[in-house]
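Just so you know, residue 1 is the first one in the sequence shown, and it goes up from there.
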Amino acid sequence: MSERSIAQPSGGFQTPLWRAIVVFRFASLAYVVVLVGLNLDEYAHPVAAVPVLVSMTVWTVFASYTYARPARRRWPLLVTDLLVVMATLLASVGVAGQAALASGVPTLAVAWQGGPVLAWAVTGGRRRGAVAALILGGTDLLMRDQVIQATVNGVILMLLAGIAVGHVARLATTAQERLQRATELEAATRERERLARGIHDSVLQVLALVQRRGAHLDGEAGELARLAGEQEAALRSLIATRGPTRGAADPDGAETDLRTLLGGHASAAVSIAMPATPVRLPGHVAREVVAAVGAALDNAVRHGGGRAWVLVEEEAGVVTVSIRDDGPGMPVGRLAEAEKQGRLGVAQSIRGRVAEVGGSVRIVSAPGQGTEVELRVPAQRG
């Protein structure tokens with residue numbers, strides 16, 4: 001998973017992390033005050049510790065208030081937060097003195113310097129948290145004349161904290177994005193079902209009645225019946241395919257419901273029968289199957305001129321799509337002859353597409369009996 005800046009919503013799964021950082025800032029500030037009181041006698045300039053503590057308190061309050069607003073969690077605030085802690089670390093040299101720091105007296109920042117590391121980790125993930133930890137850890141080490149084991153341990157702990165919190169923040173963002181997509185899908189499904197009920201109870205019934213009553217009439221009445229049949233098929237296709245428009249942007253490995261893609265081929269001359277449950281295939285496989293179905297339907301309309309029926313089945317790990325028409329059919333050997341003559345519509349548009357995704361094609365046709373094309377592909381999972 002790539003590390004990128006995390007857009008901060010006003011609520012969501014990251015809210016508890018930001019609240020925890022506020023608690024950490026004030027708790028670590030209280031710890032700093034206690035340590036300063038305990039080590040005051042060892043400082044070279046103990047009075048100078050007072051303005052530093054006041055500055056740390058002011059920044060803790062300001063940062064907690066500012067980070068509470070998602071729109072302000074940007075680079076200016078993040079960099080300033082880091083610089084304030086670096087200034088506090090450098091001020092420790094003047095307040096405590098190099099001799100005290102070399103003897104093991106902690107800096108004025110101590111655990112308080114973890115605040116920016118956590119903020120960077122939550123806004124940018126593991127890498128950004130690690131960068132902040134290395135910057136502050138490097139500053140702490142560079143200002144010392146002598147590096148002791150305790151100092152190195154503190155830097156390592158801060159680095160691990162940045163990585164761990166960044167990882168948790170990334171997981172929280174991913175979970176929130178998936179929840180948002182699931183919510184949108186559920187809302188779209190409910191809307192589709194509501195429209196389907198309303199249209200089925202009124203508009204579709206009227207259009208179907210007009211088409212049946214006027215199918216054998218001549219003149220304008222027959223034309224009206226034909227148009228009613230086409231509109232009925234178009235509305236049924238709209239009901240079947242209405243929903244989130246994310247399918248075209250999904251990666252090839254993402255699963256796609258084959259029914260949604262096939263619904264666009266429904267018309268007055270093409271009837272499609274599909275299972276009630278989703279027929280899921282990897283995105284690129286589903287698109288190749290639909291393209292092959294479209295080529296078969298084009299052949300049926302161009303050479304047959306009648307009606308066509310599409311049947312979708314899923315059984316024993318295999319998805320089968322059958323396309324049957326009531327056209328004149330083809331004599332034996334006609335496909336092989338067309339391929340020799342350079343007409344590769346069936347060979348490339350149908351057989352080639354399905355073979356590319358590991359499937360097979362069976363074509364059955366006879367003069368006067370129409371044509372049936374059967375596409376079979378494994379029900380793979382992306």
Query raised in the report: Under a 4.5 Å side-chain heavy-atom rule over Ile, Leu, Val, Met, Phe, Trp and Tyr, are Leu78 and Leu83 clustered together?
Result: yes
Report summary line: Value for CG (Leu82) from CD (Gln113), rounded to nearest 0.5 Å, stands at 10.0 Å
Report task. Run the numbers on Thr256 and Thr260 for side-chain contact (heavy atoms from CB on, under 4.5 Å), then give the verdict. Result -> CA-CA 8 Å; Thr256 301; Thr260 302; 5.8 Å; no
Query raised in the report: Is there a donor-acceptor pair closer than 3.5 Å between any side-chain N or O of Thr88 and the backbone N or O of Val84?
Result: yes
**Report entry** Single-linkage hydrophobic cluster, 4.5 Å side-chain cutoff, Leu157 and Ile21 together
**Finding:** no
Requested in this report: Would you please test Thr173 and Gln14 for side chain to side chain donor-acceptor pair (under 3.5 Å) and show each step?
Outcome: CA-CA 7 Å; Thr173 300; Gln14 286 191 4; 2.5 Å; yes
**Report entry** Straight-line distance of Glu372 CD to Ile363 CD1, nearest 0.5 Å
**Finding:** 10.5 Å
Query raised in the report: Between Arg362 and Glu374, is there a salt bridge with N-O shorter than 4.0 Å?
Result: yes
**Report entry** side-chain contact (heavy atoms from CB on, under 4.5 Å) evaluation trace for Gln149 with Asn153
**Finding:** CA-CA 6 Å; Gln149 185 65 40; Asn153 290 340; 3.0 Å; yes
**Report entry** Pairs touching residues 119-146 that satisfy ring-ring contact (aromatic ring centres under 6.0 Å, His included), sequence neighbours left out
**Finding:** Trp75-Trp120
Query raised in the report: Going by an N to O cut-off under 4.0 Å, is there a salt bridge joining Arg25 and Asp81?
Result: yes
**Report entry** Any donor-acceptor N/O pair, Ser92 side chain to Leu108 backbone, under 3.5 Å
**Finding:** yes
Report task. Would you please say whether a donor-acceptor pair under 3.5 Å links the side chains of Arg128 and Thr123? Result -> yes
Query raised in the report: Among the clusters formed by ILVMFWY side chains lying less than 4.5 Å apart, do Val52 and Val58 turn up in the same one?
Result: no
Requested in this report: Start with the C-alpha gap between Trp59 and Val85, add the side-chain angles, then the distance that decides, and say whether side-chain contact (heavy atoms from CB on, under 4.5 Å) holds.
Outcome: CA-CA 10 Å; Trp59 180 253; Val85 175; 5.7 Å; no
Query raised in the report: Between the main-chain N or O of Leu35 and the side-chain N or O of Asn39, is there a donor-acceptor pair closer than 3.5 Å?
Result: yes
Query raised in the report: Is there side-chain contact between Val321 and Leu258, with at least one heavy-atom pair below 4.5 Å?
Result: yes
Query raised in the report: Got a donor-acceptor contact below 3.5 angstrom from the His45 side chain to the Gly94 backbone?
Result: yes
Query raised in the report: When you check the side-chain N and O atoms of Glu184 and Gln180, is any donor under 3.5 Å from an acceptor?
Result: yes
Query raised in the report: Got a donor-acceptor contact below 3.5 angstrom from the Asp326 side chain to the Arg307 backbone?
Result: yes
**Report entry** Pairwise side-chain contact, Val279 with Glu313, heavy-atom cut-off 4.5 Å (strictly under)
**Finding:** no
Query raised in the report: Nearest 0.5 Å, what's the CD-NE2 distance between Glu356 and His284?
Result: 8.5 Å
Query raised in the report: Which value, rounded to the nearest 0.5 Å, describes the distance between Thr107 atom OG1 and Arg144 atom CZ?
Result: 6.0 Å
Query raised in the report: Are any of the side-chain heavy atoms of Trp18 and Thr15 separated by less than 4.5 Å?
Result: no
Query raised in the report: Do you know which two heavy atoms are closest between Gly114 and Phe24, and how far apart they sit?
Result: C-CE2, 3.6 Å
Query raised in the report: Transitively linked via ILVMFWY side-chain contacts under 4.5 Å: Val22 with Tyr65?
Result: no
Requested in this report: Check whether any side-chain heavy atom of Val310 sits under 4.5 Å from a side-chain heavy atom of Met274, and report yes or no.
Outcome: no
Query raised in the report: Does CZ in Arg72 sit with more than 12 non-hydrogen atoms of other residues, nucleotides or ligands closer than 6.0 Å?
Result: yes
Report task. Answer yes or no: is there a donor N or O on one side and an acceptor on the other, between the side chain of Thr320 and the main chain of Glu314, under 3.5 Å? Result -> no
Query raised in the report: Within the side chain of Arg259, is there an N or O that forms a donor-acceptor pair under 3.5 Å with the backbone of Pro275?
Result: yes
Query raised in the report: Looking at Ala132 and Pro116, what are the two nearest heavy atoms and their distance?
Result: CB-O, 4.5 Å
**Report entry** From CG (Asp140) to CE (Met86), nearest 0.5 Å
**Finding:** 11.0 Å
Report task. May I ask you to test the Met143-Leu89 pair for a side-chain heavy-atom distance under 4.5 Å? Result -> yes
Report summary line: Closest non-hydrogen contact found for Ala121 with Ala169 is O-CB, 4.0 Å
Requested in this report: Indicate the atoms forming the closest heavy-atom contact of Ala100 with Ala96, along with that distance.
Outcome: CB-O, 3.3 Å
**Report entry** side-chain contact (heavy atoms from CB on, under 4.5 Å) evaluation trace for Val354 with Val289
**Finding:** CA-CA 6 Å; Val354 177; Val289 170; 5.5 Å; no
**Report entry** Val32 versus Ala109, closest heavy-atom pair with distance
**Finding:** CG2-O, 3.4 Å
**Report entry** 4.5 Å side-chain heavy-atom contact, Trp309 and Ile272
**Finding:** no
Report task. For residues Val319 and Ala379, report the shortest heavy-atom separation together with the two atoms involved. Result -> CG2-CB, 4.0 Å
**Report entry** Same apolar cluster: Leu53 and Trp112, side chain cutoff 4.5 Å
**Finding:** yes
Query raised in the report: Considering only heavy atoms from C-beta outward, does the side chain of Ile350 approach that of Leu375 to under 4.5 Å?
Result: yes
Query raised in the report: Can you tell me how far the OG atom of Ser360 sits from the CZ atom of Arg351, to the nearest 0.5 Å?
Result: 10.0 Å
Query raised in the report: Are the side chains of Leu281 and Val377 in touch, meaning some heavy atoms are under 4.5 Å apart?
Result: yes
